[in-house]
Amino acid sequence: MDFLTLFLLYLGFVLTTGALLCVCSGRKESFLARRVNSASQVLSSVIPTQLQRVTQRTIHRLFQTRSCVFVVLHVALQGAVYGEYTWEVFIYCWELQFHLLLLLLPYLLLAGNMGCFILCSQANPGIVTKSNHASLVKMYAYDGVLFQKGILCPTCNMEKPARSKHCSFCSTCVHRFDHHCVWVNNCIGAFNAKYFFLYLFTLTAMAATIAIITTAFLIQVVLLSNMMHGSYIDNQGQEHAVEILFLIQHLFLTFPRIVFMLGFVILLTLVLGAYCCFNLYLALTNQTSNEWYKSRRYGCSHRLTLQPHDRQVVYNNIYSKGVWMNLKEIFKPPTLLERKKKT
């Protein structure tokens, strides 16, 4: 194994395990974290120190600072998919007399998605400043479990309002913090959560629509060629009826880029669809990703240091006000004036 291959393996290992360790944050003594650290130490003994430092700086730049790298990657992937859809799938489907509105639907979704992307990335997510701190502190009550009164942010040197969190990427505290999204290069908070939800929904719909149209095109090709009723001869000279595996292999050899794109958008649809459902669940129950994760973590520990040792902490979501009001809070965040009227 040459040195370049070893270094690339090391870089891939660090990139993969970096994401795993982010998932394991808050569980310093977990089995996975110990195994990852041990494997990293073994590889570090082989890789020169200077290259290790370059790799660590690169990983820090990508995953721990605000960067446009993933935005560029996001646009490049969209461009590649839509380029293949436009120059091959659209033309073939047009020749097969697919309905024009169906073929134009992915472009309409793309326009809506780009609008939501720009709004989500440029909007103020709800940065806590000295000028709005007093009003944001009064916005939500402290539940005493996930959010406790009197906790200071050591970086911003201000008391943390309930449902807020300090973002290490942006180096600011964010009101109703959900998470920092590297794909839009911005935090998701109270004032851009609606744009992120629409961005995620349109992105999922884009992938699903392209997958459906491409699948319909390939099925039409198979039906027109009458291939399912044919047969083929294998390497031993035996004749077999056409099977699904042979059919997929034939389509891949005939339309390699289209089949590869189809596999990518199907995987994307499944992943984004699951994430979209998770975000819908959070919206309906008036939770953020940060709150959901913290509630699971406290569910494992069962105890808080401020509570007596013989008393278990039971987390109760005090922010949920019913499905309709929870959805309304996403698309129309409450203001201090509204809270005064209610009280």
Side-chain angles (χ1 to χ4, degrees), residues 22-27 116 119-120 123-128 135-149 151 160-167 173-184 186-205 208 269-304 306-307 312-336 338-339 341-343:
C22 288
V23 174
C24 296
S25 59
R27 303 175 187 179
C116 295
L119 289 172
C120 188
N124 179 357
I127 296 176
V128 181
S135 61
L136 293 181
V137 166
K138 301 175 183 177
M139 195 67 62
Y140 292 108
Y142 292 91
D143 62 3
V145 179
L146 302 185
F147 306 103
Q148 300 183 34
K149 189 175 179 61
I151 302 298
K160 290 183 178 181
R163 309 194 78 182
S164 69
K165 185 179 184 300
H166 184 85
C167 175
C173 284
V174 178
H175 173 52
R176 200 183 183 276
F177 178 87
D178 190 276
H179 71 287
H180 182 93
C181 180
V182 295
W183 299 103
V184 300
N186 198 6
C187 285
I188 308 303
F191 302 138
N192 66 346
K194 53 181 177 291
Y195 302 133
F196 178 76
F197 186 83
L198 294 174
Y199 160 76
L200 187 61
F201 175 78
T202 53
L203 192 63
T204 306
T269 302
L270 295 175
V271 173
L272 289 175
Y275 188 51
C276 199
C277 291
F278 174 67
N279 275 266
L280 179 60
Y281 161 75
L282 293 179
L284 293 176
T285 56
N286 203 335
Q287 296 183 82
T288 65
S289 298
N290 176 55
E291 292 165 3
W292 180 87
Y293 172 74
K294 289 177 70 175
S295 66
R296 302 285 84 75
R297 184 178 62 183
Y298 286 130
C300 293
S301 64
H302 295 296
R303 299 181 186 275
L304 291 176
L306 298 180
Q307 300 289 339
Q312 290 186 340
V313 175
V314 179
Y315 172 67
N316 180 31
N317 182 14
I318 66 172
Y319 306 114
S320 180
K321 308 177 186 67
V323 172
W324 172 249
M325 294 302 296
N326 291 341
L327 284 176
K328 184 180 177 181
E329 186 168 318
I330 294 293
F331 291 93
K332 188 183 177 183
T335 61
L336 184 61
E338 291 177 347
R339 281 193 56 85
K341 288 181 179 179
K342 292 177 181 179
T343 56

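Because only heavy atoms are used, hydrogens play no part in the values below, and waters and symmetry mates are left out as well, while side chains stay in. Quantities reported herein were computed from a predicted structural model and do not represent experimental measurements.
Val184 and Cys120 make their closest contact through CG2-SG, 4.1 Å (heavy atoms, listed as atom of the first residue, atom of the second, distance). The shortest heavy-atom contact between Tyr140 and Arg176 is OH-CD, 3.7 Å. Across all non-hydrogen atoms, the minimal contact from Ala141 to Ala162 is O-CB, 3.5 Å. Smallest separation of non-hydrogen atoms from Phe191 and Tyr195: O-CE1, 3.9 Å. The shortest non-hydrogen separation linking Asp143 to Val145 is OD1-N, 3.0 Å. For the pair Ser164 and Pro161, the tightest heavy-atom approach, listed with the atom from each and the gap, is OG-O, 2.5 Å.
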The test is side-chain contact (heavy atoms from CB on, under 4.5 Å); show your working for His166 and Phe177 and say whether it passes.
CA-CA 8 Å; His166 184 85; Phe177 178 87; over 6 Å; no
Start with the C-alpha distance between Trp292 and Tyr281, add both sets of side-chain angles, then the distance that settles ring-ring contact (aromatic ring centres under 6.0 Å, His included), and finish with yes or no.
CA-CA 11 Å; Trp292 180 87; Tyr281 161 75; 7.8 Å; no
Does Asn326 form a side chain to side chain donor-acceptor pair (under 3.5 Å) with Thr285? I'd like the steps, not just the answer.
CA-CA 7 Å; Asn326 291 341; Thr285 56; over 6 Å; no
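Judged by distance alone, the side chains of Asn286 and Glu329 do bring a donor and an acceptor atom under 3.5 Å apart.
Side chains of Asn124 and Asn192 form no contact here, defined as non-hydrogen atoms less than 4.5 Å apart. Between Ser320 and Gln287, every side-chain heavy-atom pair lies at or beyond the 4.5 Å cut-off. With a 4.5 Å cut-off on side-chain heavy atoms, Leu198 and Phe331 count as touching. The shortest distance between side-chain heavy atoms of Ile188 and Phe197 does not fall below 4.5 Å.
Atom CD1 of residue Ile318 and atom CG of residue Leu146 lie 9.0 Å apart, to the nearest 0.5 angstrom. Between atom NZ of residue Lys332 and atom CE of residue Met325 there is a gap of 9.5 Å, rounded to the nearest 0.5 Å. Note: Lys165 NZ to Lys160 NZ = 7.0 Å, rounded to the nearest 0.5 Å. Summarising the geometry, atom CG belonging to Asn290 is positioned 5.5 Å from atom CZ belonging to Phe147; distances are rounded to the nearest 0.5 Å. Put simply, CG on Asn186 and CG on Leu119 are 11.5 Å apart, with the number rounded to the nearest 0.5 Å. To the nearest 0.5 angstrom, Tyr319 atom OH is 9.5 Å from Thr288 atom OG1.
Ring pair Phe196/Tyr199 is tilted by interplanar angle, where 30° to 60° counts as tilted.
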